[in-house]
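Throughout, numbering of the chain's residues begins at 1 and tracks the sequence. All heavy atoms count here, side chains included; hydrogens, waters and symmetry mates do not.
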Amino acid sequence: MADLAQREVRRRPAAVRFPGRVLFLAEDPALVQRQLAGEDLPWPPAFPLRSDISTDEITPAHICFYFDQTLGDWPYTGLKCGEEFPITRNAVHNGGFSVCVSGKRRGKGSSREQSPYAELCAGIQLVIAENHERIYKQNCQNLGLLTATDFGLIARVRRGEEIALAEFTRGEDAITRQIIEYGGLFPFNVARLQGKVDLPAISTGPRAMTLAEKIFARHATAAGGRLGVSYVQPGDAGFFRADLRFSHEYVTPMAAIFFDQLVGPNEPVNDPASIVFFRDHLTFLDEVISPQKRAMGLLDLATQLKFKQEEFARQRGIRLHGELRDRKGSEGICHSIVLESYALPGQIVVGSDSHTPHSGAIGALAFGIGTTDVFNSWITHDVRARVPESVQVVVRGRPAANVTAKDIILALLRMDYVKSGQAIGKVIEYGGEAVAAMNVDERATLTNMAAEIGGFTGIVAPDAKAVEFLMERRGMARAEAEACCAGLKSDAGAEYAQVIELDAASLRPMVALPGDPGKGMFLDELPAPVRIEIAYGGTCTAGKKADMDMYAAVLADALRSGRKVAAHVKFYLQFGSQETREYCRRQGYLETFQKAGAILIEPSCGACINAGPGATSQPEQIAISAQNRNFPGRSGPGQLYLASPLTVAASAVAGVITAWGGAAAAGQQP
């Protein structure tokens, strides 16, 4: 690390020019193709721009097997315009584009930094959209890719004007402004280590704080290396010490290469005991990868991800939760293991995955970060953040026996406040009678899918349920567990950007239509029966113990009436962790699942990212899944509906999408 103190680092020029062309990501595929053929479309346009572009569409999952500048061949190759995918390999680079323009909520979904890195390597220097998702925007800033919401810049770019860098830092906090000025997080941190940057002290006075604000205040790095300040408020920016930093094989190798190249191949990481790696995403890839992708060498590339992570973990003394030695599968999905074994109430937990908020179920402030944030945290032990506003979600009433946390989150996702992007970057704090009645696993479904809301994180104040969880899962004494949770609740009078109230008793089982988790509707409002070929229960969102209780309740009910999984349906059940699998063995669920005709899979992310059994392989296939997102192409080329574990299992038995009408699932009610 001593070399960083001497390394030359300087700010960007005060003005920038964008010499290339402007690419509009239009809804009409013909307009996109015309631009790729050399036509410059007029501005302002008379055509709609694509909104809700996910990082799965910018860089599909298999493209992320690359972790170098080859990514620049592939941006937007998963972009669906109408029913077409108009952008092919090298089309953006060959088109000479330097600016890319789209509509609302650019960069939804996965935290993969491969997306903005691919854009940057293809020549894109500026992305303009009505709003940008929080992690995507931060990844852009960390890499030096400029972002804007001012569509007036387009005409100025086309005139060849020099544009002041201040245009891209206006409205940002002092730290983010300097990161942009230095051209990225790493050069900024080098300047920070050299004492060349301005780190304004957080000086907020006494005020009522939300739970998230209290945790931020405790973890703020202050002058002289002190930890903690008395108060924070939304907008306060700083660096916050992370209690746990984790990453998985999709991200670790790229972060490791950045670290080796920019810091040094023999340099140690800061406090390896608080860093954890996971091999969980690609364990079953070889079973589903297409012959075409195999011929491209993508399976070999994916295997290199595994080896690079193992090598870096071994060299730096980092704990790796890897593959099983006696059978195929992994120890568990990162979020499952972090909640079961690592995260504690009141901690800051950062992970290289958008569903890191999973651990908010016990009152941890857990949030996703990108590759550059990951490798910088290996140097500094902290992460930069701007204290976000909070949204209070109050779920009142008692839900029906076949309405679950998944139905509640699908109801939230279809609200205008969420769909318009107003919740982007905010803490989603869940509470109310229905949330208080949930077990921790069900709460984790809510906090996990704060990612789909676009929130900074999701969190539930720890209570007696959290205490019982810590005693059962961690072996804590009651006094120790209660001490962990003490004082972790929002103050009376704490300020919220929005309060959303939802009556759980008014909800019915829901589904999200293919294409986006925000396309939710009550299942009984589907215009016609939907025949399925695949049902999938698993992932971090729906592979927990409480989820297995639900699958088992539905299948046991079916067996009692002489039914099982429909003959034309394949029903895959995948455990979130080995702890969950062992729980199912003790409960007798494995026998129930097998008798009913379900196909059991060892832990892995699998079908959720089209890397394991349960994904579709043909466009005409229809599937229903309890996973968290269904962006175009994410889980294969077919049509994917989202629903609760109860609905997924009931649909597997019926052969069409249907709600379960049986008794309450074991463990679902308090």
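Judged as a side chain to side chain donor-acceptor pair (under 3.5 Å), and not counting sequence neighbours, the contacts of Glu602 are Arg327, Gln578, Arg581. For Arg474, there are no salt bridge (charged side-chain N to carboxylate O under 4.0 Å, His left out) partners two or more places apart in sequence or in a different chain. Partners of Glu323 by side chain to side chain donor-acceptor pair (under 3.5 Å), not counting sequence neighbours, listed by chain and number: Arg279, Lys306. In this view, Glu429 satisfies the salt bridge (charged side-chain N to carboxylate O under 4.0 Å, His left out) rule with no residue, not counting sequence neighbours. Not counting sequence neighbours, the partners of Arg560 by the salt bridge (charged side-chain N to carboxylate O under 4.0 Å, His left out) test are Asp557. With sequence neighbours excluded, the residues satisfying salt bridge (charged side-chain N to carboxylate O under 4.0 Å, His left out) with Lys328 are Asp286, Glu287.
Counting only N and O atoms by type, the side chains of Ser577 and Glu331 include no donor and acceptor under 3.5 Å apart. Defined by atom type and a distance below 3.5 Å, a donor-acceptor pair is missing between the side-chain atoms of Asn270 and His381. Of the N and O atoms on the side chains of Asp353 and Thr356, not one donor lies less than 3.5 Å from an acceptor on the other residue. No side-chain N or O of Tyr231 forms a donor-acceptor pair with one of Glu213 less than 3.5 Å apart. For the 3.5 Å distance criterion, the side chains of Asn448 and His335 fail to qualify, holding no donor opposite an acceptor. When only modelled atom types and interatomic distance are considered, Asp280 and Ser604 share no side-chain donor-acceptor pair under 3.5 Å. For the residue pair Thr372/Glu113, the side-chain donor-acceptor check at 3.5 Å is satisfied. Judged by distance alone, the side chains of His219 and Asp243 do bring a donor and an acceptor atom under 3.5 Å apart. In this structure, a donor-acceptor pair under 3.5 Å is absent between the side chains of Ser635 and Tyr536.
With Ser651 contributing its side chain and Thr647 its backbone, the two residues share a donor-acceptor pair below 3.5 Å. Remark: side-chain polar atoms of Arg226 are not paired, donor with acceptor, to backbone N or O of Thr221 under 3.5 angstrom. In this structure a side-chain-to-backbone donor-acceptor pair under 3.5 Å is present from Glu249 to Leu282. Lys465 places no side-chain N or O within donor-acceptor distance of the main-chain N or O of Arg443, the cut-off being under 3.5 Å. A donor-acceptor distance shorter than 3.5 angstrom exists from the side chain of Asp407 to the backbone of Thr404, with no hydrogens or angles considered. Between the Thr447 side chain and the Pro357 main chain, a donor and an acceptor come within less than 3.5 Å of each other. Side chain of Thr580 to backbone of Gly576: no donor-acceptor contact under 3.5 angstrom is found. A donor-acceptor pair is defined here as one N or O able to donate and one able to accept, closer than 3.5 Å; such a pair exists between the side chain of His248 and the backbone of Ser352.
Salt bridge status for Asp441 with Arg473: present, with a side-chain N to carboxylate O gap under 4.0 Å. Salt bridge annotation for Asp491-Lys214: present, with a cationic side-chain nitrogen under 4.0 angstrom from a carboxylate oxygen. With respect to Asp382 and Arg245, no salt bridge is recorded, no charged nitrogen being found less than 4.0 Å from a carboxylate O. Salt bridge annotation for Glu501-Arg396: present, with a cationic side-chain nitrogen under 4.0 angstrom from a carboxylate oxygen.
Residue Gln587 places its CD atom among more than 12 non-hydrogen atoms of other residues, nucleotides or ligands, all under 6.0 Å distant. Annotation: Glu591, atom CD; neighbour count of heavy atoms from other residues, nucleotides and ligands within 6.0 Å does not exceed 12.
Side chains of Pro645 and Met548 form no contact here, defined as non-hydrogen atoms less than 4.5 Å apart. Between Ile362 and Phe469 there is a side-chain heavy-atom pair separated by less than 4.5 Å. Between Arg629 and Pro517 there is a side-chain heavy-atom pair separated by less than 4.5 Å. No side-chain heavy atom of Leu573 sits under 4.5 Å from any side-chain heavy atom of Ile599. At a threshold of 4.5 Å between non-hydrogen side-chain atoms, the residues Asn189 and Leu185 count as touching. With contacts defined as side-chain heavy-atom distances shorter than 4.5 Å, the pair Ile500/Val394 does not qualify. Within the 4.5 Å cutoff, no side-chain heavy atoms of Phe571 are placed close to those of Phe593. The closest side-chain heavy-atom distance from Val387 to Gln233 is not below 4.5 Å.
Of the listed residues (Arg585, Lys544, Lys545), just one forms a salt bridge (charged side-chain N to carboxylate O under 4.0 Å, His left out) with Glu579, and that residue is Lys545. With respect to Arg319, the side-chain contact (heavy atoms from CB on, under 4.5 Å) criterion is satisfied by exactly one of Tyr342, Phe246, Phe277, Phe278: Tyr342.
One finds the CD1 atom of Ile408 at 8.0 Å from the CD atom of Glu442 (value rounded to the nearest 0.5 Å). Atom-to-atom distance recorded for Leu365:CG and Leu211:CG is 8.0 Å, nearest 0.5 angstrom. If you take CE on Met449 and CD1 on Ile409, they are separated by 6.0 Å, rounding to the nearest 0.5 Å. A distance of 7.0 Å separates CG of Leu646 from CG of Asn402, quoted to the nearest 0.5 Å. Atom CG of residue Asp547 and atom CZ of residue Phe575 lie 12.0 Å apart, to the nearest 0.5 angstrom. Expressed to the nearest 0.5 Å, how far CZ of Phe312 lies from OG1 of Thr252 amounts to 9.0 Å.
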Going through the checks in order, is the side chain to side chain contact (heavy atoms under 4.5 Å, CB included) test met by Asp236 and Arg386?
-> CA-CA 6 Å; Asp236 284 344; Arg386 180 176 180 173; over 6 Å; no
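His281 and Tyr250 have perpendicular rings, their planes meeting at more than 60° on a 0 to 90° scale where under 30° would count as parallel.
Relative to the ring axis of Phe456, Arg134 places its NZ or CZ within 45° and under 6.0 Å from the centre.
Between Phe375 and Phe258, the ring centre distance stays below 6.0 Å.
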